Amino acid sequence: MAEKKSNEISRRNLLKGAVGLGAVAAAAPLALNLAAPSDAYAAQKPLPKKWDEAIDVVVIGSGFAGLAAAAEAAGAGSQVVILEKMPIYGGNSIINGGIYASSDDEYHLRKKLGLGDDSIDRHVKDTIKGGDKYNNPELVKIFVKGATDALNWMIDEGGCQLRQTVTRAGGHSAYRTHNTVQGVGRGYTDPLKKIALSRGAKLRLNTEVTWIWREDTDGPVLGIEIKERGKKKNIQIKKGLVLATGGFSRNIKMRQDFNPSIVPQINCTNHPGATGEVIRFAQAIGADALQMAFIQLYPFAEPETGILDTPAVYPCNGVGYGLVYISKHGKRFVNELERRDVCSYAQINLGERPTYSIFNEEMILKMGGDKKEVEAGIARGRFVRADTLQELGGKLGIDAAQMVKTIAQHDQYLADGKDPDFGKPITKDMISLKKGPFYGIGQWPAVHHTMGGLRIDANARVIDIWGKAIPKLHAAGEVTGGIHGSNRLGSNAIPDCIVFGRIAGTNAAKA
Ligand code: ADP
């Protein structure tokens with residue numbers, strides 16, 4: 001009780017500061033700007049005298065989280081507009097690897113394929129272990145529990161099509177990772193967009209949000225400032241604002257501010273719009289942000305450009321079926337079923353770029369691959385094929401004799417059910433690399449996902465620096481922080497974005 005009182009007092013004191021400015025505010029109301037270095041700067045941000053538009057629910061961002069939020073808010077009968085600063089919809093989501101962790105799906109694929117057990121509880125535990133327990137357990141449980149329903153929703157209402165396989169991604173103790181027939185995130189964004197638009201949501205591209213309006217530390221979000229076709233406009237928010245603006249992997253200064261080890265020279269998998277400014281706008285009106293230093297490298301990006309194309313997902317999807325990682329010296333260097341941070345830093349510590357994933361024809365379909373896709377990858381110079389491992393090593397330019405020895409040893413470990421070198425948990429579903437044709441692909445870490453971001457609660461409400469929900473403000477997806485802890489497990493991002501997007505949209509429409 002006493003604690004509550006002192007919180008109240010400090011909030012009020014701060015508010016008094018705002019009211020101090022409020023003498024002017026009576027004539028020209030000022031926007032709250034906790035980030036303002038001085039009152040003079042705050043004075044440059046007067047609240048708009050009039051609103052150019054008024055909208056029930058505005059969703060900023062058209063990735064997984066924004067589309068899911070818009071679909072639910074529109075489904076609840078609200079007028080919904082999605083604002084997207086880029087000329088195309090989909091953000092990082094549309095180009096992401098399409099891998100989706102869910103302990104079940106409407107076809108019960110894992111069970112049908114005899115791929116062992118899984119449960120919600122097990123998925124929660126893996127996620128929290130993978131994030132070194134920095135995760136908010138309540139939020140983890142919510143996205144894990146909602147993952148299957150969200151997947152089935154996209155299949156049933158959006159026409160999402162799954163590959164009929166389930167894979168085991170690094171850090172997961174079960175085969176629970178699904179993928180779309182397209183092999184990329186578009187396989188979910190198109191269905192989500194279809195659901196959202198069919199329910200009446202409108203999408204405005206080339207529309208950048210440049211500020212969030214709020215008058216004081218207790219009041220609701222009032223509106224937003226946007227830049228559209230070169231013109232500034234102000235939109236009043238009638239019911240709720242959903243921030244679904246993704247992460248800040250493309251903002252080198254912001255990356256450096258929070259984690260200097262993520263140096264500018266490291267490649268990045270993200271689209272150019274992943275710049276995080278909306279996190280700063282939200283902080284300026286009192287929102288709390290957490291765990292901003294936790295920045296993930298994707299271990300298997302294209303080595304020269306950092307692009308995460310469909311071939312770059314094979315190293316992630318293949319490990320549950322026996323794919324191995326090999327250095328230039330023809331040696332393994334990590335337990336291939338390890339989490340992304342371990343796989344990334346194992347490569348960086350080798351100091352020799354790139355490393356390679358090696359797999360064979362028999363693994364392709366099992367690991368959710370597609371022979372046509374592999375042919376296309378060969379044509380583009382991404383995959384390399386050979387009839388023998390010796391020949392493959394030669395084509396890749398690595399120590400082939402050593403690779404042959406290393407892989408024979410690994411085959412033996414699969415037969416023994418034990419990996420004394422790196423402690424990989426061997427499963428009956430792993431295939432030995434005895435039979436060709438064999439394939440190789442180069443890989444190297446690139447900046448991929450920012451685990452930190454805005455603090456939200458179970459209702460996807462944005463929480464302020466005093467622990468109180470900011471009225472009318474919701475957030476979902478990569479813009480939020482605290483769900484994945486220090487390291488997000490591969491294939492957990494999409495269910496997180498979609499489950500919390502749905503929650504944010506539902507609640508934004510209620511206000
Ligand atoms: P998530 O996976 O969390 O849904 P994405 O990166 O897929 O995130 O999508 C976020 C979208 O938000 C991107 O398309 C990005 O261009 C958009 N976005 C980011 N900042 C702004 C902004 N200031 N105004 C409008 N759109 C924005």
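Position 1 is the first residue of the sequence; numbering continues from there. As the structure is a prediction and not an experimental result, all values here were calculated from the model.
Using a 4.5 Å cut-off on side-chain heavy atoms (C-beta onward), Lys328 and Pro354 make contact. Pro315 is listed as a side-chain neighbour of Ile441, based on a closest heavy-atom distance under 4.5 Å. Looking only at side-chain heavy atoms (C-beta outward), Ile120 and His123 stay at 4.5 Å or farther from each other. Between Asp496 and Arg488 there is no side-chain heavy-atom pair separated by less than 4.5 Å. Contact check for Phe248 versus Ile295: side-chain heavy atoms found under the 4.5 Å cut-off. For the pair Pro272 and Met86, the minimum side-chain heavy-atom distance is below 4.5 Å. At least one side-chain heavy atom of Leu308 sits under 4.5 Å from a side-chain heavy atom of Val313. At a threshold of 4.5 Å between non-hydrogen side-chain atoms, the residues Tyr100 and Ile498 count as touching.
Side-chain N or O atoms of Arg340 include none that pairs as donor or acceptor with a backbone N or O of Tyr298 at under 3.5 Å. When atom types are taken as modelled, the side chain of Asp132 and the backbone of Tyr134 share no donor-acceptor pair closer than 3.5 angstrom. Using a distance-only test at 3.5 Å, with no hydrogens or angles considered, a donor-acceptor pair links the side chain of Arg214 to the main chain of Ile285. Judged purely by atom type and a 3.5 angstrom limit, Arg163 uses its side chain to pair as donor or acceptor with the backbone of Gly368. With hydrogens and angles disregarded, a donor-acceptor distance shorter than 3.5 Å links the side chain of Gln79 to the backbone of Asp56. Looking at Arg455, its side chain never comes within 3.5 Å of a backbone N or O of Leu290 through a donor-acceptor pair. Of the possible polar contacts, one joining the Lys472 side chain to the Lys238 backbone as a donor-acceptor pair under 3.5 Å is found. Formation of a donor-acceptor pair under 3.5 Å by the Lys239 side chain with backbone atoms of Ser78 is not found in this model. The main-chain N or O of His271 is found under 3.5 Å from a side-chain atom of Asn92 such that the two form a donor-acceptor pair. No donor-acceptor pair under 3.5 Å is formed between the side chain of Arg339 and the backbone N or O of Gly170.
For Asn135, there are no side chain to side chain donor-acceptor pair (under 3.5 Å) partners at least two apart in sequence or on another chain.
One finds the OG1 atom of Thr167 at 9.5 Å from the CG atom of Leu115 (value rounded to the nearest 0.5 Å). Rounded to the nearest 0.5 Å, atoms OG (Ser103) and NE2 (His172) are 11.5 Å apart. Taken from OG1 in Thr269 to NE2 in His448, the straight-line distance is 5.0 Å, to the nearest 0.5 Å. In this structure, OG on Ser491 lies 8.0 Å from CZ on Arg176, to the nearest 0.5 angstrom. Atoms OG1 and CG, on Thr450 and Asn259 in that order, are 11.5 Å from each other to the nearest 0.5 Å. Taking CD1 of Ile348 as the start and CG of Leu297 as the end, the distance is 5.0 Å to the nearest 0.5 Å.
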Please determine whether side-chain contact (heavy atoms from CB on, under 4.5 Å) holds for the pair Arg280 and Asn251, giving the CA-CA distance in whole Å, both sets of side-chain angles, and the decisive distance to 0.1 Å.
CA-CA 12 Å; Arg280 294 311 208 184; Asn251 185 334; over 6 Å; no

CA sep, side-chain torsions, deciding dist, call: Asp190, Arg186, salt bridge (charged side-chain N to carboxylate O under 4.0 Å, His left out)
CA-CA 6 Å; Asp190 281 349; Arg186 178 184 283 281; 3.4 Å; yes

Hey, mind stepping through Tyr89 and Ile82 against side-chain contact (heavy atoms from CB on, under 4.5 Å) and telling me if it holds?
CA-CA 10 Å; Tyr89 98 98; Ile82 309 165; over 6 Å; no

Derivation and outcome, side-chain contact (heavy atoms from CB on, under 4.5 Å), residues Ile60 and Leu243:
CA-CA 5 Å; Ile60 319 176; Leu243 312 181; 3.6 Å; yes

Walk me through it: do Asp126 and Arg122 pass the test salt bridge (charged side-chain N to carboxylate O under 4.0 Å, His left out)?
CA-CA 6 Å; Asp126 287 349; Arg122 196 160 154 176; 5.2 Å; no

Go through the steps for Trp444 and Asn267 under the test side-chain hydrogen bond (donor to acceptor under 3.5 Å, both in side chains), then give the verdict.
CA-CA 9 Å; Trp444 197 251; Asn267 278 333; over 6 Å; no

Intermediate values then yes/no, side-chain hydrogen bond (donor to acceptor under 3.5 Å, both in side chains), Ser327 and Glu352
CA-CA 8 Å; Ser327 72; Glu352 277 190 321; over 6 Å; no

Start with the C-alpha gap between His178 and Val166, add the side-chain angles, then the distance that decides, and say whether side-chain contact (heavy atoms from CB on, under 4.5 Å) holds.
CA-CA 5 Å; His178 297 70; Val166 184; 4.1 Å; yes

Checking salt bridge (charged side-chain N to carboxylate O under 4.0 Å, His left out) for the pair Arg204/Glu53: CA distance, chi angles, key distance, verdict?
CA-CA 14 Å; Arg204 273 155 70 172; Glu53 290 176 64; 2.9 Å; yes

Apply side-chain hydrogen bond (donor to acceptor under 3.5 Å, both in side chains) to the pair Gln296 and Asn487, showing each step before the final yes or no.
CA-CA 6 Å; Gln296 175 167 90; Asn487 169 71; 3.2 Å; yes

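Annotation: Gln161, atom CD; neighbour count of heavy atoms from other residues, nucleotides and ligands within 6.0 Å does not exceed 12. Heavy atoms from other residues, nucleotides or ligands lying under 6.0 Å from NZ of Lys253 number 12 at most. Within 6.0 Å of CD1 in Ile88 there are 12 or fewer heavy atoms belonging to other residues, nucleotides or ligands. Surrounding CZ of Phe333 are more than 12 heavy atoms belonging to other residues, nucleotides or ligands, all under 6.0 Å away. Within 6.0 Å of NZ in Lys129 there are 12 or fewer heavy atoms belonging to other residues, nucleotides or ligands.
The two atoms that bring Ile195 and Ser198 nearest to each other are O-OG, 2.9 Å, heavy atoms only.
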Just distance, no hydrogens or angles: give the donor-acceptor pairs under 3.5 Å from side chains in residues 62-76, sequence neighbours left out.
| from | atom 1 | to | atom 2 | distance (Å) |
| --- | --- | --- | --- | --- |
| Ser62 | OG | Glu84 | OE1 | 2.8 |
| Ser62 | OG | Gly90 | N | 2.9 |
| Glu72 | OE1 | Arg199 | NH1 | 3.3 |
| Glu72 | OE2 | Arg502 | NE | 2.7 |
| Glu72 | OE2 | Arg502 | NH2 | 3.1 |

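Across Tyr321, Phe383, Tyr325, Tyr356, a single residue satisfies ring pair (Phe, Tyr, Trp, His ring centres under 6.0 Å) together with Tyr314, and that is Phe383. With respect to Lys85, the side-chain hydrogen bond (donor to acceptor under 3.5 Å, both in side chains) criterion is satisfied by exactly one of Thr275, Thr245, Thr207, Asn206: Thr275. Each of Phe294, Phe143, Phe500 was evaluated against His484; a single residue qualifies, Phe143, per the ring pair (Phe, Tyr, Trp, His ring centres under 6.0 Å) test.
Contact check on Arg461 versus Asp457 returns a salt bridge, with a Lys/Arg side-chain nitrogen under 4.0 Å from an Asp/Glu carboxylate oxygen. Contact check on Asp309 versus Arg380 returns a salt bridge, with a Lys/Arg side-chain nitrogen under 4.0 Å from an Asp/Glu carboxylate oxygen.
With hydrogens and angles left out, the side-chain atoms of Glu373 and Thr310 include no donor and acceptor closer than 3.5 Å.
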